[in-house]
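Quick notes on the structure that follows.
Numbered from 1 within each chain, the chains take letters A, B, ... in sequence-line order.
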Amino acid sequence: MSVTLPFFLALSAILFSIGLVGVLLRRSPLTILLSLEVMLNSVNVTLVAFSRYVGGSDGQVFALIVMGIAAAEVVVGLGLVVAMTRRTMVLDTDELRTLNG
Amino acid sequence: MIQAPSVDWFAIAPEVALIVGAFTLLIVAAFAKGHERGLSIVLGGATLLVSGAFAVAAWGDAPVLTMADAFRVDDLTELVRITVALLAALVILLSVGWPRFREHGSEFTALLLLVCAGMGIVAGSTSFVTLFVGLELFSLSLYVLCAFDGKSRASLEAGFKYLVLGTIGSIVLVYGAAFLYGATGSFMYDDIATSLAKSGSGDSIVVLGTALVLVGLLFKVGAMPFHMWVPDVYQGAPTQVTGFMAGATKLVAFVALARILLDALPSQEHLWSPVLIIAAIVTIIGGNIAALIQTNVKRMIAWSSVGAAGYALIGIIVNGEQGLRGLVFYLGAYAFTAMGAFAVIALFERDQARENGHATLDGMRAWGFSRPFAGMAMVVFLLAFAGFPPTAGFIGKFIVSGTAVTNGYAYLAIIGAIGSVIGLGYYLRIILSLYDRSRKTDVGLPAAPGLGAISLVILLCLAVVLFGGILPGVLLDWSGQASAFLAISR
């Protein structure tokens with residue numbers, strides 16, 4: 001049995017769902033950032049798989065760009081988490097309730 | 001051997017100027033401690049002026065495709081560049097008296113310039129790759145700007161929530177782009193459109209891709225049911241940043257939405273049109289009803305801006321020359337109205353700096369008597385939100401609703417009118433609170449820090465809102481000229 005396109009799409013769909021569930025259910029900001037990365041990587045799997053399927057390298061180049069941007073996004077996210085810790089905010093998103101209504 | 005694509009430097013000069021300006025400012029400020037504020041104002045202002053001047057110089061020129069055809073400079077791109085640069089200049093003016101700006105003005109201004117650059121890139125993108133890079137450039141900078149008031153928990157919380165939800169929106173958008181790439185073999189809008197027109201659109205991968213792209217874009221424009229980040233972020237962010245987001249981010253997100261739907265996915269109109277109609281109805285009604293029960297004025301206007309996204313959606317649904325012109329005019333007018341309203345709130349917060357400074361309905365009681373000009377300006381801005389003549393908001397809503405009726409979407413115009421009536425309810429609550437006679441005092445307020453600059457911003461926004469309402473001809477021509485470049489293939 002050879003591994004074909006649908007397998008990769010299924011893998012990426014599973015990764016995407018795991019990431020989304022993680023963002024929605026986890027409470028620690030760090031785990032949420034981690035889950036966002038899992039989601040972004042599910043996109044990369046799709047891009048590279050389709051790139052092989054379609055032919056040409058556009059999809060792989062885009063996957064590299066997505067990786068670069070994902071790194072930048074984690075830097076900003078971690079910076080915000082550090083700032084929140086400095087303000088002695090508890091690292092639990094259930095406690096992020098100053099803005100609510 | 002891969003050839004490097006040729007670059008038309010004049011076409012991308014506004015973005016280059018902004019990025020160079022941002023880094024120059026950061027480097028210079030590192031060596032000139034103690035002049036943070038002056039440097040930021042001078043260098044930031046000069047950069048925006050240069051960038052805006054390049055955009056104005058190219059206004060009316062024939063469209064240019066550059067960067068391997070992935071970036072398109074036409075009048076719509078120029079209009080977005082000019083509007084965003086103007087709004088950013090107003091943000092710098094509003095920040096003059098802000099304590100954080102005195103300490104960290106250069107970082108704030110540099111991030112603001114990068115936001116403008118990213119918005120220009122998004123407005124001109126004709127490929128999902130350019131779109132994603134520009135989108136993340138401005139979003140990542142905006143996340144930091146939202147959290148910039150490091151002393152306030154609300155600001156940090158807003159920044160983090162915006163980061164998480166904004167990133168989910170971006171990821172869903174690229175996930176959809178990946179599926180469209182799989183179906184068509186390209187990230188370019190026009191290649192996708194030609195390929196889809198040839199192959200038909202029943203393919204499940206195409207449907208999935210279209211759906212995901214649509215969800216990602218509705219996230220970005222803040223339409224229901226993907227609006228949940230808007231109230232929290234708008235309330236927690238520094239007020240001048242909120243004003244910028246309400247206008248500029250909405251304008252740019254809608255330009256991106258229109259370009260993708262009309263340039264890349266015109267063959268899928270039977271799919272996205274019903275989705276947008278439902279989203280518009282839910283957004284207009286839901287946004288305005290949710291605003292009714294708010295007590296914080298910033299949050300109230302945030303909900304009303306969710307509702308405003310619904311009116312703009314009508315412009316895309318109606319489509320065609322008329323609808324798109326209405327869309328651009330409405331969003332442009334909305335940007336200056338929102339900026340003006342948030343400038344008034346910023347002045348109120350400055351006045352209340354010693355107390356908690358929260359702009360609640362209760363806290364703002366009778367404040368209109370102490371600051372007569374700002375109070376009256378706020379009344380005009382609120383009437384513009386509600387769509388009363390003689391303001392630009394009236395013309396915008398009038399055109400959007402009028403074209404909806406003539407194109408067979410009369411029920412959308414009726415929904416819009418119902419939304420406006422509900423809106424009037426809470427706009428009147430703000431006005432009644434501002435001019436509450438029972439709390440009237442004769443004690444004048446002392447000059448707030450940066451009072452002159454804030455008043456100037458309010459005056460400029462007021463001028464635009466009234467000019468657009470009384471003599472809309474010029475602005476309508478500009479909107480029409482810019483929106484003519486949407487859906488060029490039809």
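Taking the ring-ring contact (aromatic ring centres under 6.0 Å, His included) definition, one finds that B:Phe226 meets it with B:Phe219, sequence neighbours left out.
Between B:Phe132 and A:Phe62 the shortest side-chain heavy-atom distance falls below 4.5 Å. In this structure, A:Leu47 and B:Phe187 have side chains that are in contact, with non-hydrogen atoms separated by less than 4.5 Å.
Neither the backbone nor the side chain of A:Leu5 comes within contact range of chain B; no heavy atom of the residue lies under 4.5 Å from a heavy atom of that chain. At a 4.5 Å heavy-atom cutoff, the contact between A:Ser12 and chain B is made by backbone and side-chain atoms alike. When heavy atoms are compared at a cutoff of 4.5 Å, A:Val75 does not approach chain B at all.
Of the residues listed (B:Thr167, B:Val174, B:Ile171), the one engaging A:Met39 in a side-chain contact (heavy atoms from CB on, under 4.5 Å) is B:Ile171, and it is the only one.
With a 6.0 Å radius and a threshold of 12 heavy atoms from other residues, nucleotides or ligands, B:Met67 has its CE atom at or below the threshold.
Heavy atoms only, all atoms of each residue included: B:Ala147 and A:Leu80 are closest at CB-CD2, 3.2 Å. Heavy atoms only, all atoms of each residue included: B:Gly182 and A:Val54 are closest at O-CG2, 3.7 Å. For the pair A:Thr46 and B:Ala178, the tightest heavy-atom approach, listed with the atom from each and the gap, is CG2-CB, 4.0 Å.
Considering only heavy-atom pairs separated by less than 4.5 Å from chain B, the leading option among A:Ser35, A:Gly19, A:Gly59, A:Gly77 is A:Gly59. No other option in A:Val23, A:Leu20, A:Leu36 has as many heavy-atom pairs under 4.5 Å with chain B as A:Leu36. By number of non-hydrogen pairs under 4.5 angstrom with chain A, the leading residue of B:Thr295, B:Val129, B:Val172 is B:Val129.
Side-chain atoms of B:Tyr181 do not come within 3.5 Å of backbone N or O of A:Phe50 as any donor-acceptor pair.
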